Amino acid sequence: MTKKRKPFPIHIFVFLAPAFLVYTVFMIYPLIDSLRLSLFSTGTAGSELFVGLANYKTLLTSNNWAPRLWNAIKNNFIFFAVHMLVQNPIGLLLAALLSSKIVRGSSVYRTLIFTPTVLSIVLIGFIWRLILSPIWGISEDFLSFLGLGVLNQPWLGLESTALFTLSLVSVWQYVGIPMLLFSAALIGLPDELIEAAQVDGATAWSVFWRIKFPLILPTVGIVAVLTFVGNFNAFDLIYTTQGALAGPNFATDILGTFFFRTFFGFQLQAGNPTMGATIAGVMFVIILSGVLLYFFGWQRRLQRIEL
Amino acid sequence: MIATSNNAQPAAQRTGKSWGHWTKLLGTHAVLLAYTIFATFPIILILINSLKSRRAIFKTPYALPTTETWDLIGYQTVFEGASFGRYFFNSLFVTLASLALILFLSSMAAHALAEYRFRGNVFLGLFFALGIMIPIRLGTVSILRLMKDLNLIDSPWSLVLVYTASGIPLAVFILTQFMEQVPRALKDAARIDGASEYRIYSLILPLVRPALGTVAVFNMIPIWNDLWFPLVLASSEKSKTIILGAQIFLGQYVNDWNAVLASLTLAMIPIIVLYVIFSRQLIRGLTSGAIK
């Protein structure tokens, strides 16, 4: 780049301006303006009053808001934990099996297993609501088939099971994403390395955990951060199956549904844009911490190991 | 399970096709097949039951429809109770218009970032990358106000603008990488022949067609499937997308099993058809994106 001042070439401006404008006006500006709004309160005549961090204080401490917020955060972490402990290991297992060179037709399996992932979660939510419905009795049939008929319950209706059930429905839908990312990483590994280990007499199990898994750690990090961002941004499944109130008794309320109820309103309660923006601010901090933790905690350390 | 079924080819080659090889092969297929059934069975259950009478849905839920149980009453109710045709065209318009804008705007920006060295090049690249990890939903409160001010509430254009804005960051990122790989000699040759900078852009575009395809398929599914923004910005009868339409219809007809199953099927079919057509491209795109 030269330090000389030249007129900015007009064609570069023409190429960049449209994308820059749409992106700035409809994404960056709303994100910043939403953070700004969280520092304001709506006055009586619809006027906006600057209140500093008072909204955050209300949200974090007042009796009307704090229990709902902490409940949503807690549920959201449970939702995330189920994805990390169930979805990603299953994705890894399927990827390990699919990348095995003795299996033919792995692309057929891959395509079919990925099908639920492309469907709208609204439809997935309804499909599982029907399947778990005691009226239809599909889940009951299955449990008795497995000899577990006594376990049958209205899974979505009980406070103790609703959140786990919905987390598993979401896992069922999205397992295709870690599966694809892991299998791409596994297929990309150099063959010589693995063959060398096998010639040395290592079992498939130890080849996987000692050689392959450490090599795909970058993908493990990507999958974790994608899961985190996706989970803390989730909304559709809970809204579709349990409604905006995320019942029973807020047992399935996560940040997305809490945010929606607050800014948009529900039933007779009117929406509160500034408090909604405050919740978005909290979500922004949580998501940003996760992403930064990934970039500076995980990626940096991996790079140091590689060096 | 990984232990019994993972890659054991060299061993098998040395000793011929041993018993161990066959058990591993069988075990792997058994697990994959079981999971495939688990992943597709609920969808198939909905499809086959949408074609049956109410009695058959409950009496023989696992059976394929027969001439005796065949009943399209659910589809009738759906077509009388909701304008799925219109919802479908709304979804189609929003998705196609957003995709066209994402591809056109992002490819121009990516071309500028990849081709020219100018002040602020790196900064702009980072500015665009900023949006990759931050969900646009967090700005919904302000988007709603903005759309009210622009008088775009209940217009499909509000959705198109939001989806375009949120699709640009990743598209610019992917396309810039691909455009940097186009050989410089090619562009310089065109310049010597007197081609304008705009002409050079139009010459490069066909060369990055696979990347454009990847970006399109990446964006298509989340846009088509979105519930959040249609719910907030475009929930009137005339602007509903198929997913919002299905969501509201399903809520209203929750006890009419025929109608529920039929509307689920109708809402699923377009995306399943698209998936069948584009699955190779989608999976290849996701896979190559991961290696990058």
Side-chain angles (χ1 to χ4, degrees), chain A residues 1 11-12 15-16 18-19 22-23 26-27 30-31 33-34 37 93-94 96-97 100-103 109-116 118-120 122-123 126-128 131 136 138 180-181 184-185 188 195 198-199 203-205 208 219 229 233 235-236 240 263-264 273 276-277 280 283-284 291, chain B residues 2-3 5-10 24-25 28 31-32 35-36 39-40 42 46 61 105-106 108-109 111-112 116-119 131 133-139 141-143 146 161-162 164-166 168 172 197 221 225 227-228 232 243 246-247 250 264 267-268 271 275 279 283 286-287 290-291:
Chain A
M1 258 187 279
H11 58 268
I12 299 183
F15 282 133
L16 281 167
V22 173
Y23 170 63
F26 293 100
M27 183 153 181
L31 286 169
D33 184 60
S34 182
L37 261 181
L93 169 70
L94 293 171
L97 298 180
S100 145
K101 292 197 177 64
I102 54 170
V103 176
Y109 286 125
R110 213 188 335 248
T111 308
L112 287 172
I113 293 176
F114 199 72
T115 312
V118 302
L119 293 175
S120 160
V122 170
L123 308 179
F126 259 94
I127 289 174
W128 278 95
I131 287 176
W136 206 7
I138 302 283
L180 276 191
L181 295 176
E195 276 162 21
Q198 280 164 341
V199 171
T203 62
W205 178 262
F208 185 82
T219 310
V229 175
N233 187 30
F235 162 78
D236 310 32
T240 302
F263 85 83
F264 203 73
M283 292 167 77
F284 187 80
V291 173
Chain B
I2 291 169
S5 50
N6 221 294
N7 185 353
Q9 207 177 24
K24 275 170 194 168
L25 190 63
T28 310
V31 175
L32 288 173
Y35 199 89
T36 305
T40 48
I46 300 297
L105 302 188
S106 308
M108 286 201 299
H111 172 65
Y116 309 112
R117 310 192 79 209
F118 55 90
R119 236 176 299 129
M133 276 297 184
I134 305 169
I136 195 167
R137 281 183 188 181
L138 298 183
V141 174
S142 300
I143 290 176
L146 185 62
L161 288 166
V162 169
T164 305
S166 68
I168 283 174
V172 169
E197 294 302 323
I221 291 166
N225 283 341
L227 174 69
W228 179 269
V232 173
I243 294 301
Q247 199 266 336
L250 287 165
L264 280 172
M268 274 195 289
I271 204 80
Y275 179 57
S279 65
I283 288 177
L286 273 167
T287 325
I291 290 170

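Just so we're clear, the structure is a prediction, and the values are computed from it rather than from any experiment. Chain A is the first sequence line, chain B the second, and so forth, proteins listed ahead of strands; every chain is numbered from 1.
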Undergrad: Test your reading of the model: is there a side-chain donor-acceptor pair from A:Tyr23 to the backbone of B:Gly131, 3.5 Å cut-off?
TA: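 Present.
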Undergrad: Which bit of A:Ile131 is near chain B, if near means a heavy-atom gap under 4.5 Å: side chain, backbone, both or neither?
TA: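 The side chain, not the backbone.
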Undergrad: Does any heavy atom of chain B fall under 4.5 Å from the side chain of A:Phe284, the backbone, both, or neither of them?
TA: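 Answer is both: backbone and side chain atoms of A:Phe284 are under 4.5 Å from chain B.
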Undergrad: Which region of B:Leu146, side chain (C-beta onward) or backbone (N, CA, C, O), has a non-hydrogen atom less than 4.5 Å from a non-hydrogen atom of chain A, or is it both or neither?
TA: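 Side chain only.
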Undergrad: Applying side-chain contact (heavy atoms from CB on, under 4.5 Å), can you list everything that pairs with B:Ser142, at least two apart in sequence or on another chain?
TA: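 If we apply the side-chain contact (heavy atoms from CB on, under 4.5 Å) test to B:Ser142, skipping adjacent residues, the hits are A:Pro30, A:Asp33, A:Ser34, A:Leu37.
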Undergrad: Does B:Tyr275 use its side chain to pair, donor to acceptor, with the backbone of A:Thr111 at less than 3.5 Å?
TA: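 The answer is yes, because a donor-acceptor pair under 3.5 Å joins these two groups.
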Undergrad: How are the rings of B:His111 and A:Phe15 set relative to one another: parallel (under 30°), tilted (30 to 60°) or perpendicular (over 60°)?
TA: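 It falls in the perpendicular class, over 60°.
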Undergrad: Look at the side chain of B:Asn225 and the backbone N and O of A:Val118, then say whether any donor-acceptor pair between them is shorter than 3.5 Å.
TA: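 Looks like yes, one N/O pair under 3.5 Å.
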Undergrad: What part of A:Thr240 is in contact with chain B, defined as an atom under 4.5 angstrom from a non-hydrogen atom: side chain, backbone, both or neither?
TA: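 Both backbone and side chain of A:Thr240 come within 4.5 Å of chain B.
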Undergrad: Is it the side chain or the backbone of B:Thr36 that comes within 4.5 Å of chain A heavy atoms, both, or neither?
TA: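 The answer is both parts of B:Thr36.
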Undergrad: Examine whether an atom of A:Val22 lies under 4.5 Å from a heavy atom of chain B, and if so say whether it belongs to the side chain, the backbone or both; otherwise answer neither.
TA: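 Looking at A:Val22, backbone and side chain both touch chain B.
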Undergrad: Given a strict heavy-atom distance threshold of 4.5 Å, which part of A:Val122 is in contact with chain B: side chain, backbone, both, or neither?
TA: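 The side chain, not the backbone.
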